[in-house]
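Only one structure is covered here, and it is reproduced in the block below.
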Amino acid sequence: MSTIKKLLCCLLALTLCLCAFVGCNGNTNDPKDSDTESQDNGNGDTDDSSDTSGTSQTDDPKTLTGLQDTYDFGGTQEFTILSRSETSYEFESEAGMSGTAVEAAIYARNEEVMERCNVEITVTPAPGNWDSREDFMGLVRNDASLSESDYDLVATHSVYLMNLAVEGLGWDFSDLPNLDLTKRWWSEAFYEQCNYNGAQYIAFGDIAYTLYSYMMVMFFNVQMAENYELEDDLYDLALDGDWTYAKLEEYTKKVTTSMDQPFDSREFGFLTNGHSMRAFITGFNMDWAIEGADGKRSISILIDKSIEAAAQPLVEFSTKVDQVYYSTNGVNGTGDQNAIFSSGKALFYSQMLGQATYLKGEMKDEYGVLPFPKLTDQQPTYRSGYCDDMTAVLVPFNCRNEEMSGTVTEMLSEIGWREVTEEYYEETLKYQSFNDPKCVATLELIRTTFSPTFTSVYGNNLATVSACLANLIETNLKNGATGTIANYYTNYSGNWRSLLKDLYEDLDAIAAARAGASAE
C-alpha cells in the first residue's frame with residue numbers, strides 16, 4: 001500500500017476516532033451529538049449526513065423517505081406480526097417495557113407507525129429457532145391455506161424462511177406498494193446476491209435491529225497481542241487493507257501452547273467454529289455456487305480449483321495446528337469458546353459481533369474487533385459474512401391488504417434504521433462494548449462490507465452446501481480422518497446440482513404463476 005494511501009487511511013481513522021472518543025471512554029454525554037461519521041445499513045454505501053429527520057442533508061435518494069405523512073386503509077386496522085418468540089423483542093413494545101434505550105426506540109417507532117398508518121401493531125410469538133423450525137413452518141403453511149392470512153408480516157430465522165418463500169408463500173418485495181428495496185434500510189447486498197430475475201421473496205434490513213449482532217467478526221485479545229509482540233498494530237493492519245488469512249495463520253502460531261497441558265490451562269491462538277468456516281469463504285470473496293454471465297448460479301461436478309486452494313488450508317489449519325481450537329459445542333461455538341476468550345486465553349476468536357455484549361461484562365483484558373481476513377492483499381475489499389440465525393421477513397401472499405403490508409413494513413424498517421438501529425449499534429455495540437477508539441473505524445469497515453452469499457441464503461434449499469467445509473472439518477476431528485475438501489465436494493456435488501436445478505424450477509414456477517394471475 002502506498003505511503004499516501006496509508007496516510008489517508010490514518011487521517012480517516014483519526015477523524016472517526018476523535019468523533020467517537022467521548023462514547024468509547026464512557027462519558028455520559030450523548031456521543032451522537034458529536035458523531036459525524038457515515039451511516040450505512042451494510043450495503044456498502046455511506047451517508048455523511050447526521051440528520052435523522054425524514055430528509056437527508058445530502059439529498060441522497062437512498063435515505064430520502066418515499067412515504068407520506070399519513071395513510072388510512074379503511075379505518076383502524078390490526079397489523080399482526082408472526083415472530084419467532086426468541087427474537088420477538090425486535091417488534092414488541094409496551095410503555096412499561098422501555099427500560100433500555102433500544103426498547104424505548106422500538107416503542108417510539110411502533111407508536112409513530114401506528115399513528116401514521118392508522119393501525120394497531122400486535123405481535124404473535126411462536127417458538128422459531130432452528131430446533132423449532134418445523135413447528136413454525138407448519139404455522140405459516142397452515143395460514144397460507146386460508147383465504148386470508150391471519151398475519152401481515154412473518155419474521156423469523158432467515159434460512160428456513162427461505163424454504164417457505166420458495167414454496168410460493170410470500171410476496172415479491174419489489175411488487176409490494178410503497179416498499180422500496182433500494183433504500184438504505186434494506187440490504188442492497190442481499191438483493192444483488194440473491195434476487196432471481198429481480199424477484200426477492202424475503203428481506204434483510206433494519207426492520208430487525210439485530211441484523212448487526214449476527215455479523216461474523218474476529219475478536220482479538222489486545223494484551224496477548226502485546227505479549228506476543230505482533231509486528232503489526234491489528235487495527236492499522238485492517239484499515240490499511242492488509243489483514244489477510246496468511247497473517248491470521250502467522251500470528252496464531254506465535255502463541256505458546258502444548259497438547260500436554262490440561263485443556264483448561266492452555267492458551268490458544270485461534271478459536272473457531274462451524275459458522276466461521278462459512279464466513280471465511282465469504283470473506284475470501286467466493287461462493288460454492290458460481291455466478292455465470294446470465295446471472296444464474298451453477299455448481300460444478302468437481303470443485304473449482306480456486307475454491308479448493310482457499311478451502312483446503314482451512315481444513316489443515318482447523319484440524320492440525322495445536323494453537324487452534326475448533327468447537328462444536330453450543331450455538332456457533334459460544335457454549336465453551338466464550339468462556340475461553342473472556343478468561344484471556346485466546347488471541348483470536350471468530351464469532352458473532354453481538355457476543356461483544358457478553359464479553360464486555362465478563363472479560364478483564366481489553367479486546368478489539370477485526371473483519372474476517374481477505375484471502376490475499378490483492379483482494380480489493382473485505383466481505384463480512386453472517387450467522388444465518390439472523391431475522392428475515394416475509395409478507396404472506398394471502399395477506400389481507402398488500403398495500404398496508406408494504407407500507408407498514410417499509411415504515412417499520414425506515415424508522416428502525418433512523419432510530420432503533422442507531423440506538424443498538426451506536427450505543428450497545430460501538431460505544432459500550434469496545435474500549436479503543438479505533439474500534440469505530442473498524443466496526444464501520446465491517447458493517448459496510450456485509451454481504452450475504454447465494455448459498456448461505458438458499459442454504460436449506462441446497463442441503464447446506466455453504467456448510468460443506470465445516471462438515472468436513474467436524475468429520476475429520478470426530479473420526480481422526482484426513483478427508484480433503486475436493487473429495488468431500490465430489491461426493492455431494494451431484495445432489496447439490498440437482499437441488500439447484502429444482503430451486504430454479506420452483507422460482508420459475510412462482511414467477512409464471514404470478515405473471516399469469518396478473519394477466520387475468
Side-chain angles (χ1 to χ4, degrees), residues 41-44 84 87 128 130 133 136-137 140 154-174 181 186-208 210-212 214-216 274-292 295-299 332 352 372 383-395 413 449-470 496-497 499-508 510-511:
N41 78 331
N43 64 14
R84 58 175 169 175
T87 53
W130 188 246
R133 64 190 181 278
F136 195 98
M137 287 193 289
V140 180
V154 177
T156 191
H157 193 296
S158 66
V159 170
Y160 72 74
L161 187 62
M162 182 58 84
N163 280 66
L164 299 170
V166 174
E167 293 174 19
L169 305 190
W171 269 89
D172 174 1
F173 273 70
S174 61
L181 291 171
W186 298 110
S187 173
E188 184 176 4
F190 172 82
Y191 180 81
E192 290 174 349
Q193 290 288 322
C194 304
N195 83 85
Y196 180 57
N197 292 333
Q200 177 178 316
Y201 300 104
I202 71 171
F204 293 146
D206 291 88
I207 191 170
T210 57
L211 170 72
Y212 301 109
Y214 287 108
M215 293 179 66
M216 297 297 295
H275 277 104
S276 297
M277 290 303 113
R278 306 184 197 187
F280 270 113
I281 298 302
T282 301
F284 293 166
N285 198 25
M286 294 177 171
D287 199 352
W288 299 97
I290 309 300
E291 186 174 12
K296 291 186 69 170
R297 302 274 175 167
S298 64
I299 295 176
N332 206 41
M352 297 175 290
F372 263 66
R383 284 187 70 195
S384 296
Y386 68 104
C387 176
D388 56 19
D389 285 15
M390 184 183 293
T391 299
V393 294
L394 171 147
V395 174
S413 196
T449 54
F450 169 62
S451 186
T453 62
F454 182 88
T455 53
S456 289
V457 171
Y458 290 100
N460 220 28
N461 307 93
L462 300 173
T464 58
V465 56
S466 60
C468 65
L469 179 57
W496 294 332
R497 286 161 59 85
L499 291 172
L500 181 59
K501 179 176 178 290
D502 292 343
L503 172 62
Y504 280 130
E505 288 178 354
D506 289 340
L507 293 173
D508 284 334
I510 295 171

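- Remark: Asp287 pairs with Arg297 by the salt bridge (Lys or Arg N to Asp or Glu O under 4.0 Å) rule, at least two apart or across chains.
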Only distances under 3.5 Å count here; give the side-chain donor-acceptor pairs of residues 279-286 to other protein atoms, sequence neighbours excluded, each with its distance to 0.1 Å.
residue	atom	partner	partner atom	Å
Thr282	OG1	Arg278	O	3.3
Asn285	OD1	Arg383	NH1	3.2

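- Of all heavy-atom pairs between Ile202 and Ser158, the closest is CD1-O, 3.8 Å.
- At distances below 3.5 Å, at least one donor-acceptor pair connects side-chain atoms of Ser187 with backbone N or O atoms of Phe190.
- Taking Ser298 as the reference, nothing meets the side-chain hydrogen bond (donor to acceptor under 3.5 Å, both in side chains) condition, with sequence neighbours excluded.
- With a 4.5 Å cut-off on side-chain heavy atoms, Gln193 and Val457 do not count as touching.
- Counting only heavy atoms from C-beta outward, the side chains of Leu211 and Phe450 approach each other to under 4.5 Å.
- Under the rule for a side-chain hydrogen bond (donor to acceptor under 3.5 Å, both in side chains), the partners of Ser456 that lie at least two apart in sequence or sit in another chain are Thr453.
- Looking only at distances, a side-chain donor or acceptor of Tyr458 sits under 3.5 Å from a matching main-chain atom of Cys194.
- Considering CG of Asp172 and CG of Leu181, their distance stands at 8.0 Å, rounded to 0.5 Å.
- Contact detail for Gly128 and Phe136: the closest heavy-atom pair is CA-CD1, 3.9 Å.
- Taking CG of Asp508 as the start and CG of Asp506 as the end, the distance is 9.0 Å to the nearest 0.5 Å.
- Side-chain contact check for Met216 versus Cys387: some heavy-atom pair is nearer than 4.5 Å.
- Listed here is the closest heavy atom pair of Ala165 and Tyr201: CB-CB, 3.6 Å.
- Remark: Tyr214 pairs with no residue by the ring pair (Phe, Tyr, Trp, His ring centres under 6.0 Å) rule, at least two apart or across chains.
- Between the Arg84 side chain and the Thr156 main chain, no donor and acceptor come within less than 3.5 Å of each other.
- Two residues are said to be in side-chain contact when any heavy atoms from C-beta on lie closer than 4.5 Å; Ser174 and Gln200 fail this criterion.
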Practice problem: For the pair Tyr196 and Tyr504, evaluate ring-ring contact (aromatic ring centres under 6.0 Å, His included) and give the outcome as yes or no after the intermediate values. | Solution: CA-CA 9 Å; Tyr196 180 57; Tyr504 280 130; 5.0 Å; yes
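- What you find for Met137 and Asn163 is that their closest heavy atoms are SD-CB, 4.1 Å.
- The aromatic rings of Tyr386 and Phe204 lie perpendicular to each other, with more than 60° between the two planes, well past the 30° mark.
- A heavy-atom distance below 4.5 Å is not found between the side chains of Leu161 and His157.
- The side-chain hydrogen bond (donor to acceptor under 3.5 Å, both in side chains) check on Asp502 picks up nothing, with sequence neighbours excluded.
- Looking at Phe454 and Leu462, their side chains come closer than 4.5 Å, going by heavy atoms from C-beta outward.
- In this structure the side chain of Val395 reaches within 4.5 angstrom of the side chain of Phe173, judged on heavy atoms.
- Between Asp388 and Tyr160, every side-chain heavy-atom pair lies at or beyond the 4.5 Å cut-off.
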